[in-house]
Amino acid sequence: MTAAASGSGAGGAFAHPALFYESDDEYLAGTVPFVRAGVAAGEPVAVAVPGVRLGLLRDALGGDDPDAAAASVTWLDMAEAGRNPGRIIPGVLHRFADRHPSRRVRIIGEPIWPGRSETEYPACAQHEALINLAFAGRDASILCPYDAARLDERALADARVTHPVLIDAEGEHDSPYYAPERVVRDYNRPLPPPAEAYRIEFDLAALPRVREFAWAWATRLGLGPGAAGDLELAVNELAANSCLHGGGTGTARIWAEDGRVVCEVRDAGTIADPLAGRIPVAMSPHGGRGILLVNHLADLVRMHTGPGGTVIRVYMRR
């Protein structure tokens with residue numbers, strides 16, 4: 001039986017344990033006490049897990065009973081709220097924690113589940129690593145369940161690297177493999193080239209043509225007006241960043257792939273901040289919100305950055 005996570009993160013420091021479970025019973029044994037302990041302590045609690053797990057846990061905590069623990073929990077379907085892993089830190093975790101700035105919060109977040117695609121997975125693993133940097137010093141506990149019966153060994157091995165504490169059938173213990181910066185680095189890989197793509201080169205004066213290019217090809221490749229408009233806005237933000245911070249020029253390419261329309265922007269700049277686009281920032285005339293906005297608009301964002309330049313890919317579902 002998986003150990004209960006009721007005590008994980010108690011106290012005044014940030015805690016980020018991984019819970020390995022192999023059945024519904026083990027899932028509930030590890031998550032229900034964590035939620036109940038938070039509710040009993042008067043801590044704000046959020047649960048962001050995929051839909052099937054959401055219903056299972058909510059029912060175990062009393063469902064729609066207004067007097068049960070479930071009634072005081074914020075519930076989010078991670079398959080929607082976190083379909084883009086780059087959106088989870090700013091749009092789920094920070095958004096909830098920032099609503100309670102003077103209180104310790106508890107969050108269950110399950111961003112990696114069976115069915116995540118090979119294209120999505122590197123962004124998921126990097127997300128789990130970056131939580132540690134984004135919440136360092138924050139009075140919060142974020143418990144991350146992993147389906148050890150159905151996820152592959154790569155996902156479980158990465159979880160041991162991205163989480164300082166592991167909870168499994170043996171109990172709760174420190175991870176001897178904890179080194180989250182390694183996962184951020186190892187998944188910063190060159191992105192495979194598309195088989196065929198439409199291309200445009202741009203500078204600052206050509207930004208209107210980049211917007212026209214993105215909209216025209218997005219609609220031709222199958223996006224509806226709403227998604228095509230979001231892609232146009234995302235590409236405009238990335239191209240503007242290229243002109244202002246990436247050497248003044250860039251290249252955009254667009255194509256269809258596995259039920260999505262993909263547009264990438266490539267430039268000569270390097271992004272040094274691993275949390276770029278993942279931390280909420282205030283409105284400013286000096287920018288700084290471009291990648292954050294792109295993460296909120298897109299269904300998936302993949303990036304490779306280094307001395308040779310930066311490539312950012314935006315994926316929109318058709």
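- Annotation for Ser141 and Pro17: closest pair OG-CD, 4.4 Å, computed over non-hydrogen atoms.
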Could you walk me through whether Arg83 and Asp77 pass salt bridge (Lys or Arg N to Asp or Glu O under 4.0 Å), step by step? CA-CA 9 Å; Arg83 67 181 182 272; Asp77 185 347; over 6 Å; no

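- Taking the side chain as every heavy atom from C-beta outward, Ile254 and Val262 never approach each other to under 4.5 Å.
- With contacts defined as side-chain heavy-atom distances shorter than 4.5 Å, the pair Trp217/Leu223 does not qualify.
- Under a cut-off of 6.0 angstrom, the local environment of CG in Asp152 is crowded, with over 12 non-hydrogen atoms contributed by other residues, nucleotides or ligands.
- A distance of 10.0 Å separates CD1 in Ile167 from SG in Cys144, rounded to the nearest 0.5 Å.
- Side-chain atoms of Asn132 come within 3.5 Å of backbone atoms of Ala129 as a donor-acceptor pair (strictly under, hydrogens ignored).
- Side chain of Arg302 to backbone of Thr119: a donor-acceptor contact under 3.5 angstrom is found.
- Taking OH from Tyr21 and CZ from Arg53, the interatomic distance works out to 4.0 Å, rounded to the nearest 0.5 Å.
- Both tests hold for Arg154 against Tyr121: distance to the six-membered ring centre under 6.0 Å, angle to the ring axis within 45°.
- Here CG of Leu231 is found 9.0 Å from CG of Leu297. Values are rounded to the nearest 0.5 Å.
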For a side chain to side chain contact (heavy atoms under 4.5 Å, CB included) check, start with the C-alpha distance between Asp64 and Arg58, then their side-chain angles and the critical distance, and finish with the verdict. CA-CA 8 Å; Asp64 295 327; Arg58 188 168 189 164; 4.1 Å; yes

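- In plain terms, the two heavy atoms of Ala252 and Phe202 that are nearest each other are N-CE2, 3.9 Å.
- Both Val32 and Trp75 are assigned to one and the same hydrophobic cluster, defined by single-linkage of ILVMFWY side chains at heavy-atom distances under 4.5 Å.
- The shortest side-chain heavy-atom distance between Val45 and Ser72 does not fall under the 4.5 Å cut-off.
- With a 4.5 Å cut-off on side-chain heavy atoms, Arg253 and Arg313 count as touching.
- Looking only at distances, a side-chain donor or acceptor of Arg116 sits under 3.5 Å from a matching main-chain atom of Pro111.
- For the 3.5 Å distance criterion, the side chains of Tyr146 and Glu128 qualify, holding a donor opposite an acceptor.
- For the atom pair CG (Asn241) and CG (Asp267), the distance works out to 8.5 Å, reported to the nearest 0.5 Å.
- Criterion: ILVMFWY side-chain heavy atoms under 4.5 Å apart, direct or through other members. Under it, Phe20 and Tyr178 are not part of a common hydrophobic cluster.
- Side chain of Asp147 to backbone of Trp113: no donor-acceptor contact under 3.5 angstrom is found.
- When hydrophobic clusters are built by joining Ile, Leu, Val, Met, Phe, Trp and Tyr residues whose side-chain heavy atoms come closer than 4.5 Å, directly or via intermediates, Leu28 is grouped together with Val49.
- Exactly one residue among Val294, Val311, Thr310 makes a side-chain contact (heavy atoms from CB on, under 4.5 Å) with Met303. That residue is Thr310.
- The environment of Glu118 atom CD is sparse: at most 12 non-hydrogen atoms of other residues, nucleotides or ligands sit within 6.0 angstrom.
- Formation of a donor-acceptor pair under 3.5 Å by the Thr305 side chain with backbone atoms of Ile271 is found in this model.
- The side-chain heavy atoms of Ile312 and Arg266, taken from C-beta on, include no pair separated by under 4.5 Å.
- In this structure a side-chain-to-backbone donor-acceptor pair under 3.5 Å is missing from Glu232 to Ala228.
- Taking the side chain as every heavy atom from C-beta outward, Leu61 and Leu57 approach each other to under 4.5 Å.
- With a 6.0 Å cutoff to the six-membered ring centre and a 45° limit on the axis angle, Arg106 counts as a cation-pi contact of Phe34.
- Note that CZ of Arg278 is 10.5 Å distant from CG of Asp273, once rounded to the nearest 0.5 Å.
- To the nearest 0.5 angstrom, Ile142 atom CD1 is 6.0 Å from His16 atom NE2.
- With hydrogens and angles disregarded, no donor-acceptor distance shorter than 3.5 Å links the side chain of Arg185 to the backbone of Pro180.
- Both Met316 and Val235 sit in one connected hydrophobic cluster of ILVMFWY residues. Membership requires side-chain heavy atoms under 4.5 Å apart, directly or through other members.
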Before giving the answer on side chain to side chain contact (heavy atoms under 4.5 Å, CB included), spell out for His94 and Phe135 the whole-Å C-alpha distance, their side-chain angles and the decisive distance to 0.1 Å. CA-CA 9 Å; His94 258 290; Phe135 277 81; 3.9 Å; yes

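- Of all heavy-atom pairs between Ala60 and Arg36, the closest is O-NH2, 3.5 Å.
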In sequence, state the C-alpha distance, the side-chain angles, and the governing distance for Thr251 and Ile200, and then conclude on side chain to side chain contact (heavy atoms under 4.5 Å, CB included). CA-CA 6 Å; Thr251 302; Ile200 186 173; over 6 Å; no

Test log, rule side chain to side chain contact (heavy atoms under 4.5 Å, CB included), inputs Val47 and Thr74: CA-CA 6 Å; Val47 173; Thr74 297; over 6 Å; no

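- Contact check on Arg318 versus Asp299 returns no salt bridge, with no Lys/Arg side-chain nitrogen under 4.0 Å from an Asp/Glu carboxylate oxygen.
- Considering all non-hydrogen atoms of both residues, Ala276 and Ile291 come closest at O-CG2, 4.1 Å.
- Smallest separation of non-hydrogen atoms from Met78 and Pro50: CB-N, 3.9 Å.
- With hydrogens and angles left out, the side-chain atoms of Asp168 and His173 include a donor and acceptor closer than 3.5 Å.
- Across Ile108, Thr31, Val165, a single residue satisfies side-chain contact (heavy atoms from CB on, under 4.5 Å) together with Leu19, and that is Thr31.
- Remark: Asp258 CG is loosely packed, at most 12 non-hydrogen atoms of other residues, nucleotides or ligands lying under 6.0 Å away.
- Residues Asp174 and Pro164 form no side-chain contact, since every pair of their non-hydrogen atoms from C-beta on lies 4.5 Å or further apart.
- Annotation: side chain of Leu130 is in contact with side chain of Leu275 (closest heavy-atom distance under 4.5 Å).
- Among Ile112, Leu93, Asn84, Val183, the one residue that satisfies the side-chain contact (heavy atoms from CB on, under 4.5 Å) test with His127 is Leu93.
- A donor-acceptor distance shorter than 3.5 angstrom exists from the side chain of Ser175 to the backbone of Arg160, with no hydrogens or angles considered.
- Under the 4.5 Å side-chain contact rule for hydrophobic residues, Val210 and Tyr315 do not share a cluster.
- Residues Ala240 and Leu207 come closest through the heavy atom pair N-CD2, 4.0 Å.
- For CZ of Arg182, the number of neighbouring non-hydrogen atoms (other residues, nucleotides, ligands) closer than 6.0 Å is 12 at most.
- One side chain, Tyr27 or Glu110, offers a donor N or O that lies under 3.5 Å from an acceptor on the other.
- Remark: the Asn295 side chain and the Arg87 side chain contain no N/O donor-acceptor pair separated by less than 3.5 Å.
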For salt bridge (Lys or Arg N to Asp or Glu O under 4.0 Å), just list the numbers for Asp139 and Arg103, CA-CA rounded to whole Å, side-chain angles, deciding distance to a tenth of an Å, and then say yes or no. CA-CA 7 Å; Asp139 201 12; Arg103 301 168 67 187; over 6 Å; no

